[in-house]
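Worksheet for the structure shown next.
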Amino acid sequence: MVRFKDYLTIQYKRIIKLLPGILAMILAVAALLSVVAFALVNSEAYNLEKQRYKLGIVGDTDDEMISLGVNMIGTLDESRFMIELVEYDDEASARDAMRNADISAYIVITEAFSDALDAMTNDEKLTYYATSGQKGISNVMMDEIALIATNIIVYSETGICTLREIMKEQGFDKRVRYEKVNDLFMVYIASLVTRTKVTEIKELGLSDGLSTPAYYFSGILLFFILLLSFCQISFFLGQKNASYQFLMSKGITAPVQVIGEYIPFLTVTLIGVAVIMGLIASATNFGLVDSEILTEAGLDNLIQFSVGLIPVCIMFSALGFLIFEVLIGVINKILVAFMTYIGMGYVSGYFYPKTFFPELVQKVGEIIPTGVAFSYLGSIISGAPDNLDLLFIFIYAVIFLLIAMFARQQKIR
(Lines give C-alpha, C1' and ligand atoms only; values in the text may rest on other atoms or scores of the structure.)
Protein backbone atom coordinates (compact mmCIF):
# COMPACT_ATOMS: atom_id res chain seq x y z
CA MET A 1 0.00 0.00 0.00
CA VAL A 2 1.21 3.46 -0.93
CA ARG A 3 0.52 6.09 1.68
CA PHE A 4 -0.77 9.57 0.86
CA LYS A 5 2.38 11.12 2.32
CA ASP A 6 4.54 9.10 -0.07
CA TYR A 7 2.38 10.01 -3.06
CA LEU A 8 2.48 13.69 -2.10
CA THR A 9 6.28 13.53 -1.86
CA ILE A 10 6.48 11.98 -5.34
CA GLN A 11 4.33 14.77 -6.80
CA TYR A 12 6.46 17.43 -5.13
CA LYS A 13 9.58 15.86 -6.66
CA ARG A 14 7.88 15.90 -10.07
CA ILE A 15 6.94 19.55 -9.94
CA ILE A 16 10.30 20.61 -8.44
CA LYS A 17 12.02 19.20 -11.52
CA LEU A 18 9.71 21.33 -13.67
CA LEU A 19 10.04 24.38 -11.40
CA PRO A 20 12.85 26.22 -13.28
CA GLY A 21 10.88 26.21 -16.53
CA ILE A 22 7.68 27.14 -14.70
CA LEU A 23 9.36 30.08 -12.94
CA ALA A 24 10.79 31.27 -16.26
CA MET A 25 7.28 31.36 -17.72
CA ILE A 26 5.96 33.09 -14.59
CA LEU A 27 8.60 35.82 -14.83
CA ALA A 28 7.91 36.27 -18.54
CA VAL A 29 4.18 36.68 -17.91
CA ALA A 30 4.88 39.02 -14.98
CA ALA A 31 7.15 41.17 -17.16
CA LEU A 32 4.47 41.39 -19.86
CA LEU A 33 1.74 42.36 -17.41
CA SER A 34 4.09 44.86 -15.73
CA VAL A 35 4.51 46.62 -19.05
CA VAL A 36 0.73 46.76 -19.39
CA ALA A 37 0.37 48.16 -15.86
CA PHE A 38 3.08 50.76 -16.50
CA ALA A 39 1.35 51.85 -19.70
CA LEU A 40 -2.00 52.21 -17.89
CA VAL A 41 -0.62 54.23 -14.99
CA ASN A 42 1.30 56.54 -17.31
CA SER A 43 -1.47 56.83 -19.88
CA GLU A 44 -2.87 60.23 -20.81
CA ALA A 45 -6.34 59.29 -19.56
CA TYR A 46 -5.04 58.48 -16.08
CA ASN A 47 -2.83 61.57 -15.89
CA LEU A 48 -5.75 63.78 -16.89
CA GLU A 49 -7.70 62.48 -13.89
CA LYS A 50 -5.01 63.88 -11.60
CA GLN A 51 -4.95 67.32 -13.21
CA ARG A 52 -6.98 70.34 -12.23
CA TYR A 53 -9.11 72.22 -14.73
CA LYS A 54 -7.32 75.41 -15.74
CA LEU A 55 -9.54 78.48 -15.93
CA GLY A 56 -8.21 81.68 -17.45
CA ILE A 57 -9.05 85.13 -16.08
CA VAL A 58 -8.77 88.23 -18.25
CA GLY A 59 -9.06 91.71 -16.74
CA ASP A 60 -8.22 93.66 -13.64
CA THR A 61 -8.34 91.58 -10.47
CA ASP A 62 -7.10 94.34 -8.19
CA ASP A 63 -10.64 95.19 -7.14
CA GLU A 64 -11.13 94.28 -3.49
CA MET A 65 -14.18 92.07 -4.06
CA ILE A 66 -12.76 90.30 -7.10
CA SER A 67 -9.39 89.83 -5.44
CA LEU A 68 -11.10 88.28 -2.42
CA GLY A 69 -12.96 85.81 -4.64
CA VAL A 70 -9.84 84.86 -6.59
CA ASN A 71 -7.78 84.34 -3.44
CA MET A 72 -10.52 82.32 -1.82
CA ILE A 73 -10.76 79.95 -4.80
CA GLY A 74 -6.99 79.62 -4.97
CA THR A 75 -6.24 79.10 -1.28
CA LEU A 76 -9.27 78.55 0.95
CA ASP A 77 -12.15 77.01 -0.94
CA GLU A 78 -12.37 73.28 -1.72
CA SER A 79 -12.61 74.17 -5.41
CA ARG A 80 -8.83 74.80 -5.38
CA PHE A 81 -8.41 71.03 -5.73
CA MET A 82 -10.41 71.08 -8.95
CA ILE A 83 -9.71 74.49 -10.52
CA GLU A 84 -6.46 76.27 -11.21
CA LEU A 85 -6.80 79.97 -12.06
CA VAL A 86 -4.47 81.43 -14.68
CA GLU A 87 -4.44 85.22 -15.17
CA TYR A 88 -3.92 86.81 -18.61
CA ASP A 89 -3.28 90.44 -19.51
CA ASP A 90 -5.51 90.44 -22.58
CA GLU A 91 -8.23 88.33 -24.16
CA ALA A 92 -6.10 87.42 -27.18
CA SER A 93 -3.58 85.61 -24.98
CA ALA A 94 -6.35 83.71 -23.19
CA ARG A 95 -7.96 82.77 -26.51
CA ASP A 96 -4.67 81.43 -27.86
CA ALA A 97 -4.12 79.43 -24.67
CA MET A 98 -7.58 77.90 -24.94
CA ARG A 99 -7.03 76.96 -28.59
CA ASN A 100 -3.74 75.31 -27.60
CA ALA A 101 -5.60 73.36 -24.88
CA ASP A 102 -3.53 75.05 -22.15
CA ILE A 103 -6.76 76.11 -20.40
CA SER A 104 -10.29 74.74 -20.49
CA ALA A 105 -12.03 78.11 -20.66
CA TYR A 106 -11.55 81.75 -19.72
CA ILE A 107 -13.58 84.55 -18.13
CA VAL A 108 -13.41 88.23 -19.05
CA ILE A 109 -13.78 90.67 -16.14
CA THR A 110 -14.81 94.07 -17.50
CA GLU A 111 -14.62 97.41 -15.74
CA ALA A 112 -18.42 97.61 -15.90
CA PHE A 113 -18.67 94.37 -13.95
CA SER A 114 -16.20 95.62 -11.32
CA ASP A 115 -18.16 98.87 -10.92
CA ALA A 116 -21.46 96.96 -10.64
CA LEU A 117 -19.93 94.64 -8.07
CA ASP A 118 -18.71 97.55 -5.94
CA ALA A 119 -22.07 99.27 -6.23
CA MET A 120 -23.98 95.98 -5.76
CA THR A 121 -26.37 96.89 -8.55
CA ASN A 122 -26.41 93.36 -9.98
CA ASP A 123 -26.86 94.63 -13.55
CA GLU A 124 -23.71 93.21 -15.17
CA LYS A 125 -22.91 89.58 -15.99
CA LEU A 126 -19.74 87.60 -16.41
CA THR A 127 -19.27 85.62 -19.61
CA TYR A 128 -16.97 82.67 -19.98
CA TYR A 129 -15.67 81.29 -23.27
CA ALA A 130 -15.04 77.64 -24.07
CA THR A 131 -14.16 75.71 -27.19
CA SER A 132 -16.97 75.21 -29.68
CA GLY A 133 -18.05 72.01 -31.41
CA GLN A 134 -18.61 68.67 -29.72
CA LYS A 135 -18.55 68.92 -25.96
CA GLY A 136 -15.86 67.10 -24.02
CA ILE A 137 -15.59 66.51 -20.29
CA SER A 138 -13.85 69.87 -19.82
CA ASN A 139 -16.78 71.76 -21.36
CA VAL A 140 -19.31 69.84 -19.32
CA MET A 141 -17.35 70.46 -16.13
CA MET A 142 -17.03 74.17 -16.91
CA ASP A 143 -20.79 74.40 -17.47
CA GLU A 144 -21.36 72.83 -14.06
CA ILE A 145 -18.77 75.07 -12.41
CA ALA A 146 -20.25 78.16 -14.04
CA LEU A 147 -23.75 77.16 -12.92
CA ILE A 148 -22.61 76.65 -9.33
CA ALA A 149 -20.67 79.92 -9.30
CA THR A 150 -23.62 81.78 -10.81
CA ASN A 151 -26.03 80.49 -8.17
CA ILE A 152 -23.65 81.33 -5.34
CA ILE A 153 -22.84 84.84 -6.58
CA VAL A 154 -26.33 85.82 -7.76
CA TYR A 155 -28.24 84.66 -4.69
CA SER A 156 -25.64 86.01 -2.28
CA GLU A 157 -25.60 89.37 -4.00
CA THR A 158 -29.40 89.40 -4.16
CA GLY A 159 -29.60 88.83 -0.42
CA ILE A 160 -27.13 91.62 0.30
CA CYS A 161 -28.86 94.05 -2.05
CA THR A 162 -32.28 93.18 -0.62
CA LEU A 163 -31.09 93.79 2.95
CA ARG A 164 -29.59 97.13 1.97
CA GLU A 165 -32.74 98.30 0.17
CA ILE A 166 -35.08 97.24 2.99
CA MET A 167 -32.94 98.99 5.61
CA LYS A 168 -32.83 102.08 3.43
CA GLU A 169 -36.65 102.08 3.09
CA GLN A 170 -36.99 101.67 6.85
CA GLY A 171 -34.85 104.74 7.41
CA PHE A 172 -31.77 103.15 8.94
CA ASP A 173 -28.68 105.29 9.15
CA LYS A 174 -26.08 104.80 6.39
CA ARG A 175 -23.45 103.69 8.88
CA VAL A 176 -25.80 101.07 10.37
CA ARG A 177 -26.72 99.84 6.88
CA TYR A 178 -23.05 99.47 6.02
CA GLU A 179 -22.32 97.47 9.20
CA LYS A 180 -25.25 95.09 8.70
CA VAL A 181 -24.49 94.57 5.00
CA ASN A 182 -20.86 93.87 5.92
CA ASP A 183 -21.99 91.40 8.61
CA LEU A 184 -24.22 89.57 6.11
CA PHE A 185 -21.40 89.52 3.57
CA MET A 186 -19.08 87.86 6.11
CA VAL A 187 -21.80 85.30 6.89
CA TYR A 188 -21.96 84.42 3.20
CA ILE A 189 -18.17 84.16 2.98
CA ALA A 190 -18.02 81.90 6.04
CA SER A 191 -20.77 79.70 4.61
CA LEU A 192 -19.00 79.41 1.28
CA VAL A 193 -15.70 78.41 2.85
CA THR A 194 -17.28 75.75 5.09
CA ARG A 195 -20.02 74.57 2.72
CA THR A 196 -18.36 71.18 2.12
CA LYS A 197 -18.75 70.34 5.83
CA VAL A 198 -22.54 70.10 5.49
CA THR A 199 -22.24 67.11 3.14
CA GLU A 200 -20.58 63.73 3.32
CA ILE A 201 -18.28 63.09 0.36
CA LYS A 202 -17.77 59.52 -0.81
CA GLU A 203 -15.33 58.78 -3.60
CA LEU A 204 -16.75 56.13 -5.89
CA GLY A 205 -13.49 55.64 -7.77
CA LEU A 206 -13.30 53.98 -11.16
CA SER A 207 -15.51 51.05 -10.06
CA ASP A 208 -16.40 49.24 -6.83
CA GLY A 209 -15.05 52.21 -4.88
CA LEU A 210 -11.51 51.56 -6.15
CA SER A 211 -9.22 54.23 -7.53
CA THR A 212 -7.84 53.85 -11.04
CA PRO A 213 -4.49 52.35 -9.89
CA ALA A 214 -6.24 50.01 -7.43
CA TYR A 215 -8.78 48.87 -10.01
CA TYR A 216 -6.32 48.08 -12.77
CA PHE A 217 -3.77 46.60 -10.39
CA SER A 218 -6.44 44.25 -9.04
CA GLY A 219 -7.49 43.20 -12.52
CA ILE A 220 -3.93 42.64 -13.75
CA LEU A 221 -2.88 40.80 -10.58
CA LEU A 222 -5.88 38.48 -10.66
CA PHE A 223 -5.34 37.72 -14.32
CA PHE A 224 -1.71 36.98 -13.51
CA ILE A 225 -2.77 34.49 -10.82
CA LEU A 226 -5.03 32.84 -13.40
CA LEU A 227 -2.12 32.53 -15.79
CA LEU A 228 0.03 30.96 -13.06
CA SER A 229 -1.91 27.73 -13.45
CA PHE A 230 -1.48 28.08 -17.21
CA CYS A 231 2.28 28.24 -16.70
CA GLN A 232 2.19 24.86 -14.94
CA ILE A 233 0.62 22.96 -17.80
CA SER A 234 3.77 20.81 -18.10
CA PHE A 235 2.81 19.21 -14.77
CA PHE A 236 -0.15 17.53 -16.55
CA LEU A 237 1.72 16.24 -19.56
CA GLY A 238 2.71 12.58 -19.94
CA GLN A 239 0.06 11.30 -17.53
CA LYS A 240 -1.74 8.14 -18.65
CA ASN A 241 -4.89 6.43 -17.43
CA ALA A 242 -2.91 3.26 -16.80
CA SER A 243 -0.85 5.12 -14.20
CA TYR A 244 -4.00 6.19 -12.39
CA GLN A 245 -5.33 2.63 -12.46
CA PHE A 246 -2.03 1.30 -11.11
CA LEU A 247 -2.13 3.80 -8.25
CA MET A 248 -5.72 2.79 -7.54
CA SER A 249 -4.59 -0.80 -7.19
CA LYS A 250 -2.03 0.37 -4.63
CA GLY A 251 -4.71 2.02 -2.51
CA ILE A 252 -4.44 5.59 -3.85
CA THR A 253 -8.04 6.42 -4.71
CA ALA A 254 -9.15 9.14 -7.13
CA PRO A 255 -9.77 11.77 -4.40
CA VAL A 256 -6.38 11.04 -2.84
CA GLN A 257 -4.67 11.31 -6.23
CA VAL A 258 -6.31 14.66 -6.97
CA ILE A 259 -5.47 16.14 -3.58
CA GLY A 260 -1.93 14.77 -3.74
CA GLU A 261 -1.37 16.50 -7.09
CA TYR A 262 -3.35 19.66 -6.30
CA ILE A 263 -1.30 20.60 -3.22
CA PRO A 264 2.05 20.84 -5.13
CA PHE A 265 0.19 22.61 -7.95
CA LEU A 266 -1.15 25.17 -5.45
CA THR A 267 2.29 25.48 -3.84
CA VAL A 268 3.87 26.64 -7.09
CA THR A 269 1.07 29.18 -7.53
CA LEU A 270 1.78 30.56 -4.07
CA ILE A 271 5.51 30.66 -4.86
CA GLY A 272 4.76 32.63 -8.04
CA VAL A 273 2.66 35.18 -6.14
CA ALA A 274 5.34 35.46 -3.44
CA VAL A 275 8.02 36.07 -6.07
CA ILE A 276 5.99 38.83 -7.73
CA MET A 277 5.13 40.55 -4.46
CA GLY A 278 8.80 40.33 -3.47
CA LEU A 279 9.80 41.96 -6.75
CA ILE A 280 7.27 44.75 -6.12
CA ALA A 281 8.68 45.32 -2.63
CA SER A 282 12.25 45.38 -3.99
CA ALA A 283 11.32 47.76 -6.79
CA THR A 284 9.72 50.09 -4.25
CA ASN A 285 12.76 50.02 -1.96
CA PHE A 286 15.08 50.85 -4.85
CA GLY A 287 12.81 53.67 -6.02
CA LEU A 288 11.87 52.00 -9.30
CA VAL A 289 8.19 52.17 -8.34
CA ASP A 290 6.60 55.24 -6.79
CA SER A 291 5.36 54.35 -3.30
CA GLU A 292 2.49 56.82 -3.75
CA ILE A 293 1.11 54.75 -6.62
CA LEU A 294 1.30 51.60 -4.49
CA THR A 295 -0.58 53.38 -1.72
CA GLU A 296 -3.29 54.42 -4.18
CA ALA A 297 -3.44 50.80 -5.35
CA GLY A 298 -4.01 49.61 -1.78
CA LEU A 299 -0.55 48.11 -1.30
CA ASP A 300 0.55 50.08 1.73
CA ASN A 301 0.92 46.75 3.57
CA LEU A 302 2.36 44.19 1.14
CA ILE A 303 2.57 41.33 3.64
CA GLN A 304 -1.05 41.61 4.73
CA PHE A 305 -2.16 42.03 1.13
CA SER A 306 -0.18 38.95 0.06
CA VAL A 307 -1.76 36.83 2.79
CA GLY A 308 -5.17 37.98 1.60
CA LEU A 309 -4.39 36.56 -1.84
CA ILE A 310 -4.11 32.97 -0.56
CA PRO A 311 -7.87 32.18 -0.90
CA VAL A 312 -7.81 33.50 -4.48
CA CYS A 313 -4.81 31.29 -5.25
CA ILE A 314 -6.66 28.28 -3.81
CA MET A 315 -9.72 28.87 -6.02
CA PHE A 316 -7.86 29.73 -9.23
CA SER A 317 -5.51 26.76 -8.78
CA ALA A 318 -8.53 24.48 -8.35
CA LEU A 319 -10.06 25.94 -11.51
CA GLY A 320 -6.85 25.42 -13.48
CA PHE A 321 -6.45 21.91 -12.11
CA LEU A 322 -9.99 21.06 -13.20
CA ILE A 323 -9.49 22.36 -16.74
CA PHE A 324 -6.23 20.47 -17.23
CA GLU A 325 -7.67 17.31 -15.67
CA VAL A 326 -10.80 17.18 -17.82
CA LEU A 327 -9.26 18.09 -21.17
CA ILE A 328 -7.14 15.71 -23.22
CA GLY A 329 -4.31 16.88 -25.47
CA VAL A 330 -1.83 19.73 -25.11
CA ILE A 331 -3.49 21.96 -27.72
CA ASN A 332 -6.91 21.54 -26.15
CA LYS A 333 -5.57 22.33 -22.68
CA ILE A 334 -3.81 25.49 -23.89
CA LEU A 335 -6.61 26.86 -26.07
CA VAL A 336 -9.49 26.13 -23.71
CA ALA A 337 -7.65 27.38 -20.63
CA PHE A 338 -6.51 30.59 -22.28
CA MET A 339 -9.91 31.38 -23.83
CA THR A 340 -11.66 30.57 -20.55
CA TYR A 341 -9.37 32.88 -18.62
CA ILE A 342 -9.72 35.69 -21.16
CA GLY A 343 -13.51 35.40 -21.30
CA MET A 344 -14.05 35.19 -17.55
CA GLY A 345 -11.59 38.00 -16.89
CA TYR A 346 -13.21 40.24 -19.48
CA VAL A 347 -16.80 39.97 -18.23
CA SER A 348 -15.57 40.38 -14.64
CA GLY A 349 -13.94 43.72 -15.49
CA TYR A 350 -10.26 42.74 -15.41
CA PHE A 351 -9.44 44.60 -18.61
CA TYR A 352 -12.22 47.19 -18.79
CA PRO A 353 -14.44 48.75 -16.09
CA LYS A 354 -17.41 46.43 -15.73
CA THR A 355 -19.79 49.36 -15.25
CA PHE A 356 -19.65 49.88 -19.02
CA PHE A 357 -21.16 46.44 -19.66
CA PRO A 358 -24.91 45.74 -19.89
CA GLU A 359 -26.54 44.98 -16.56
CA LEU A 360 -26.97 41.29 -17.35
CA VAL A 361 -23.28 40.92 -18.23
CA GLN A 362 -22.32 42.72 -15.02
CA LYS A 363 -24.39 40.34 -12.91
CA VAL A 364 -22.91 37.29 -14.64
CA GLY A 365 -19.41 38.73 -14.25
CA GLU A 366 -19.94 39.23 -10.52
CA ILE A 367 -21.10 35.70 -9.68
CA ILE A 368 -18.53 33.69 -11.67
CA PRO A 369 -15.24 32.81 -9.90
CA THR A 370 -13.27 35.68 -11.43
CA GLY A 371 -15.94 38.17 -10.36
CA VAL A 372 -16.06 36.84 -6.80
CA ALA A 373 -12.26 37.07 -6.63
CA PHE A 374 -12.36 40.67 -7.91
CA SER A 375 -14.99 41.66 -5.35
CA TYR A 376 -13.01 39.96 -2.56
CA LEU A 377 -9.74 41.63 -3.54
CA GLY A 378 -11.49 45.00 -3.77
CA SER A 379 -12.82 44.57 -0.24
CA ILE A 380 -9.29 43.80 0.99
CA ILE A 381 -7.95 46.97 -0.62
CA SER A 382 -10.82 48.94 0.91
CA GLY A 383 -9.88 47.58 4.34
CA ALA A 384 -13.10 45.62 4.92
CA PRO A 385 -12.75 42.00 3.73
CA ASP A 386 -16.09 40.49 2.71
CA ASN A 387 -16.65 37.14 4.45
CA LEU A 388 -19.42 36.26 2.00
CA ASP A 389 -17.03 36.54 -0.95
CA LEU A 390 -14.50 34.49 0.99
CA LEU A 391 -17.13 31.80 1.56
CA PHE A 392 -18.00 31.67 -2.14
CA ILE A 393 -14.31 31.40 -3.02
CA PHE A 394 -13.92 28.25 -0.92
CA ILE A 395 -17.22 26.84 -2.22
CA TYR A 396 -16.01 27.28 -5.79
CA ALA A 397 -12.66 25.66 -4.91
CA VAL A 398 -14.38 22.63 -3.37
CA ILE A 399 -16.72 22.27 -6.36
CA PHE A 400 -13.82 22.40 -8.83
CA LEU A 401 -11.88 19.75 -6.89
CA LEU A 402 -14.92 17.48 -6.58
CA ILE A 403 -15.49 17.64 -10.33
CA ALA A 404 -11.79 16.91 -10.90
CA MET A 405 -12.08 13.88 -8.59
CA PHE A 406 -15.09 12.66 -10.54
CA ALA A 407 -13.17 13.10 -13.83
CA ARG A 408 -10.22 11.15 -12.39
CA GLN A 409 -12.55 8.40 -11.25
CA GLN A 410 -13.91 8.10 -14.80
CA LYS A 411 -10.38 7.76 -16.16
CA ILE A 412 -9.62 4.98 -13.69
CA ARG A 413 -12.70 3.06 -14.79
Side-chain angles (χ1 to χ4, degrees), residues 4-5 7-8 11-12 14-16 18-19 22-23 25-26 29-30 33 217-233 235-236 254-278 298-299 301-326 333 337 340-341 344-345 348 350 365-381 384-408:
F4 171 74
K5 179 180 178 181
Y7 185 71
L8 181 63
Q11 297 306 315
Y12 264 115
R14 281 187 60 229
I15 206 165
I16 287 175
L18 302 171
L19 192 57
I22 294 174
L23 287 178
M25 290 186 63
I26 290 174
V29 172
L33 294 180
F217 177 82
S218 299
I220 292 175
L221 179 62
L222 290 173
F223 187 64
F224 168 75
I225 298 176
L226 273 175
L227 294 182
L228 284 179
S229 62
F230 185 79
C231 295
Q232 302 177 64
I233 192 172
F235 183 63
F236 294 86
V256 175
Q257 291 179 28
V258 169
I259 296 299
E261 296 169 13
Y262 169 73
I263 293 177
F265 185 77
L266 171 62
T267 302
V268 174
T269 300
L270 295 174
I271 291 174
V273 172
V275 168
I276 297 306
M277 300 309 290
L299 298 180
N301 191 331
L302 278 176
I303 297 178
Q304 182 178 353
F305 182 82
S306 301
V307 172
L309 290 174
I310 294 178
V312 177
C313 293
I314 293 174
M315 180 179 66
F316 282 173
S317 295
L319 173 61
F321 191 96
L322 170 63
I323 293 174
F324 297 141
E325 176 65 27
V326 171
K333 293 179 187 293
T340 300
Y341 295 160
M344 294 176 66
S348 296
Y350 285 14
E366 290 174 354
I367 62 177
I368 61 178
T370 48
V372 174
F374 198 102
S375 178
Y376 167 74
L377 189 58
S379 66
I380 290 180
I381 294 175
D386 193 329
N387 293 328
L388 184 60
D389 288 332
L390 186 61
L391 175 62
F392 278 118
I393 285 176
F394 285 113
I395 290 176
Y396 270 124
V398 171
I399 291 174
F400 294 150
L401 291 176
L402 289 176
I403 297 175
M405 293 174 186
F406 176 78
R408 180 65 62 87

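- In this structure, CG on Leu270 lies 11.5 Å from CD1 on Ile263, to the nearest 0.5 angstrom.
- Ring-plane geometry between Phe321 and Tyr262 is classed as perpendicular, the angle between the planes exceeding 60 degrees on a 0 to 90 degree scale with a lower cut at 30.
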(request) Decide side chain to side chain contact (heavy atoms under 4.5 Å, CB included) for Val268 and Phe235; before the verdict, give the C-alpha distance in whole Å, the side-chain angles of both, and the deciding distance to 0.1 Å. (result) CA-CA 11 Å; Val268 174; Phe235 183 63; over 6 Å; no
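- Atom OG of residue Ser317 and atom CG of residue Leu322 lie 12.5 Å apart, to the nearest 0.5 angstrom.
- Between Ser229 and Leu319 the shortest side-chain heavy-atom distance does not fall below 4.5 Å.
- Of all non-hydrogen atoms in Ile393 and Pro311, the two that sit nearest each other are CG2-O, 3.3 Å.
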(request) Take Leu266 and Cys313 through the side chain to side chain contact (heavy atoms under 4.5 Å, CB included) test and state the conclusion after the steps. (result) CA-CA 7 Å; Leu266 171 62; Cys313 293; 4.2 Å; yes
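- With Thr370 contributing its side chain and Met344 its backbone, the two residues share a donor-acceptor pair below 3.5 Å.
- The number of heavy atoms from other shown groups lying within 6.0 Å of CZ (Phe394) is above 12.
- For the pair Glu366 and Phe374, the minimum side-chain heavy-atom distance is 4.5 Å or more.
- To the nearest 0.5 Å, the span separating CG on Leu221 from CG on Leu377 amounts to 6.5 Å.
- Here the shortest heavy-atom pairing between Met277 and Leu309 reads SD-CD1, 4.4 Å.
- Using a 4.5 Å heavy-atom threshold, the side chains of Phe400 and Pro369 count as touching.
- Closest heavy-atom contact between Tyr341 and Leu226: CE1-O, 3.4 Å.
- Within the model, atoms CZ of Phe265 and CZ of Phe324 stand 6.0 Å from one another, a figure rounded to the nearest 0.5 Å.
- Pairing each heavy atom of Phe316 with each of Ala373, the nearest pair is CZ-CB, 3.7 Å.
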(request) Give the C-alpha distance, both sets of side-chain angles, the deciding distance and a yes or no for side chain to side chain contact (heavy atoms under 4.5 Å, CB included) between Phe305 and Ile381. (result) CA-CA 8 Å; Phe305 182 82; Ile381 294 175; 3.8 Å; yes
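- Note that CD1 of Ile271 is 7.0 Å distant from CG of Leu23, once rounded to the nearest 0.5 Å.
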(message) Evaluate Leu227 against Phe223 for side chain to side chain contact (heavy atoms under 4.5 Å, CB included), listing each step before the verdict.
(response) CA-CA 6 Å; Leu227 294 182; Phe223 187 64; 3.5 Å; yes
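- Taking CD1 of Ile403 as the start and CE of Met405 as the end, the distance is 11.5 Å to the nearest 0.5 Å.
- Residue Met315 comes nearest to Tyr396 through the heavy atom pair SD-CB, 3.7 Å, listed as atom of the first residue, atom of the second, then distance.
- In plain terms, the two heavy atoms of Ala397 and Ile314 that are nearest each other are CB-CG2, 4.0 Å.
- Looking at Gln232 and Thr269, their side chains do bring a donor and an acceptor atom within 3.5 Å of each other.
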